[in-house]
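Notes follow the structure.
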Amino acid sequence: MTQVITGRDAEVAAWMFETSGSFPIHYNLAVGLADDAGALVGGVMFTGWNSSDVEVHVFAPGLLTRRVVRLIMGIALLQFGVNRLTVRT
């Protein structure tokens, strides 16, 4: 079962940038997805928060399950309080 990793934003963001080959950008929050051994296997990054909208970037090969989508929606609503969510995969 996939574990959710919070409170390690810098580590998760660095892993996402390196693993996906993306250029580092400013982020508001990064949440990791780990396997049973605790190794990062995916991540969700929130960027561009403006009080109304936040962009979500997902790098989670094969892990975008209903549980992960609920996690993304919950964070967007409860943490950021937005009324719009822009998703980038």
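Quick note: residue numbers are just sequence positions, from 1. All values derive from a computational prediction rather than experimental measurement.
Closest heavy-atom contact between A60 and G43: CB-N, 4.4 Å. Residues D35 and Q3 approach most closely at O-NE2, 2.9 Å, considering heavy atoms. For A13 against Y27, the heavy-atom pair with the smallest separation is CB-CE2, 3.4 Å. Closest approach of S20 to S22, counting heavy atoms only: OG-OG, 2.8 Å.
The distance from the OG1 atom of T2 to the CG atom of L63 is 5.0 Å, given to the nearest 0.5 Å. One distance of note links CG of L40 with CZ of R8; it measures 6.0 Å at 0.5 Å rounding. Distance check: E11 CD to M16 CE gives 13.0 Å after rounding to the nearest 0.5 Å. The CZ atom of F46 sits 7.0 Å away from atom CG of L85, with the distance rounded to the nearest 0.5 Å. Between L29 atom CG and T47 atom OG1 the span is 11.0 Å, to the nearest 0.5 Å. Once rounded to the nearest 0.5 Å, the distance linking CE of M45 with CZ of F17 reads 3.5 Å.
Q79 has its side chain out of reach of N28: every pair of non-hydrogen atoms, C-beta onward, lies at least 4.5 Å apart. Side-chain contact check for V82 versus D53: every heavy-atom pair is 4.5 Å or farther apart.
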Stepwise side-chain contact (heavy atoms from CB on, under 4.5 Å) check, V31 with V12: CA-CA 7 Å; V31 177; V12 171; 5.9 Å; no

Criterion side-chain contact (heavy atoms from CB on, under 4.5 Å) on T86 and V54, from CA distance to verdict: CA-CA 6 Å; T86 303; V54 67; over 6 Å; no

Quick one: side chains of residues 70-77, donor-acceptor pairs under 3.5 Å with protein atoms, not counting sequence neighbours, listed by atom name and distance.
none

